[in-house]
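By convention in this document, chain letters (A, B, ...) are assigned in the order of the sequence lines, proteins followed by strands, and residues within each chain are numbered from 1. Because the structure is a prediction, the values reported are computed rather than measured.
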Number of protein chains: 2
Amino acid sequence: MTLKRRKNRTPHPMCPLSDCMAFIGGAWTPNIIWYLSSGPRRFSELRADIPLVSAKVLTQRLRELEERGILSRAVLDTSPPSVEYALTDLGLEFMPVIQAIAEVGQRLKDKAAAAA
Amino acid sequence: MTLKRRKNRTPHPMCPLSDCMAFIGGAWTPNIIWYLSSGPRRFSELRADIPLVSAKVLTQRLRELEERGILSRAVLDTSPPSVEYALTDLGLEFMPVIQAIAEVGQRLKDKAAAAA
DNA sequence: GGGCGTGGTTACCGGCGAGATACTTCATTC
DNA sequence: GAATGAAGTATCTCGCCGGTAACCACGCCC
């Protein structure tokens, strides 16, 4: 799922699951959408939000997501120029998925904590 | 995201998003869970359900999911012996995510159709 | 005014996950 | 006796992803 129509990732053309995963399946994509859901953020803020992503991959993912219309990219003419990313309306469509992922992840964590 | 604790895929240890994606991020994983959600299915049925997945990857994914307790594997002594896979209770926990993915995928497809 | 830090991006290299295709084993069926 | 079907395994290749390093334009500091 990261495609130029991320060609090889969960293709299965007629399947809504695969269609959606083609957008959010790329590494770190859910995290990026999550952190942008509370408002626009700059590149370096996203790096701080998601410390384990490398700058290279973050750039790649942001470019892909922009290309697909999930987020917008605006260069601010500060110096040095910084770049602000924001979810588009299309990007907001994915929030139910991101939220479900976060909730299930939290529930699993709670269970693990309760079991320990 | 798909791991032996799929090591390099969305690690970010403290994040519920990454925790959940570590389970369902592997290629074809959402599809497998989706088709198992309506009841146990055999290997060859899953292959027919998801025609674009190769046998190798399907085997890998099923093994991983079994190892993590998301599904169970039962060898039936028919001849030739067949193998039946079924979601466990833990596996069922992921259904909200799978459903959200399917719904958003469907909505995107509807929009695309409406736009055309 | 030359070295240094900063924000964002790109180039190069290596590992491993994933796709494609072919082959295996055993028992039934024609 | 050949073909078929179930459930894989083997091999090869390709592309994503991670890490490191370099890049460019600007402002700072002594």
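The main-chain N or O of Ala27(B) is found under 3.5 Å from a side-chain atom of Arg61(B) such that the two form a donor-acceptor pair. Although no hydrogens or angles enter the test, the distance criterion places no donor-acceptor pair under 3.5 Å between the side chain of Arg73(B) and the main chain of Glu66(B). Looking only at distances, no side-chain donor or acceptor of Thr29(B) sits under 3.5 Å from a matching main-chain atom of Gly25(B). Between the side chain of Thr88(B) and the backbone N or O of Ile70(B) there is at least one donor-acceptor pair closer than 3.5 Å.
OP1 or OP2 of dA7(D) lies within a sub-4.0 Å distance of a side-chain N or O belonging to Ser82(B). OP1 and OP2 of dA6(D) both lie 4.0 Å or more from every side-chain N or O belonging to Tyr85(B). Residue Arg73(B) has a polar side-chain atom (N or O) positioned under 4.0 Å from OP1 or OP2 of dG8(D). One finds no side-chain N or O of Arg63(A) lying less than 4.0 angstrom from the OP1 or OP2 phosphate oxygen of dG8(C). Phosphate proximity of dA18(C) to Trp28(B): absent, as no side-chain N or O sits under 4.0 Å from OP1 or OP2.
Counting heavy atoms from C-beta on, the side chains of Asp49(A) and Trp34(A) never come closer than 4.5 Å.
Atom CD of Gln60(A) is separated from atom P of dC12(C) by 14 Å (rounded to the nearest Å). Rounded to whole Å, the distance from CZ on Arg61(B) to C1' on dG8(D) is 16 Å. Rounding to whole angstrom units, CG of residue Leu76(B) and P of dA6(D) are separated by 13 Å. Taking atom CD of Glu84(A) as the reference point, atom P of dG8(C) lies 10 Å away to the nearest angstrom. To the nearest angstrom, P of dT9(D) lies 11 Å from CG of Leu62(B). The distance from atom CD of Glu64(B) to atom P of dA18(C) is 7 Å, rounded to the nearest whole Å.
Residues from residues 39-48 of chain A placing a heavy atom under 4.0 Å of any atom in DNA chain C, listed by number, are Phe43(A), Ser44(A).
Residues Leu36(A) and Leu76(A) are members of separate hydrophobic clusters, defined by side-chain heavy-atom contacts under 4.5 angstrom among Ile, Leu, Val, Met, Phe, Trp and Tyr.
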Protein-nucleic acid N or O pairs under 3.5 Å, nucleotides 19-28 of chain D:
unit_1: dG19(D); atom_1: O6; unit_2: Lys56(A); atom_2: NZ; d: 2.9
unit_1: dC26(D); atom_1: O3'; unit_2: Ser79(A); atom_2: OG; d: 3.4

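Among residue pairs with one or both ends in residues 86-106 of chain A, those qualifying as salt bridge (charged side-chain N to carboxylate O under 4.0 Å, His left out) are Glu93(A)-Arg107(B), Glu93(A)-Lys111(B); sequence neighbours excluded.
Minimum heavy-atom separation, Val97(A) to Ala100(B): CG2-O, 3.5 Å.
Relative to the six-membered ring of Phe23(B), Arg68(B) meets both conditions, a distance below 6.0 Å and an angle of at most 45° to the axis.
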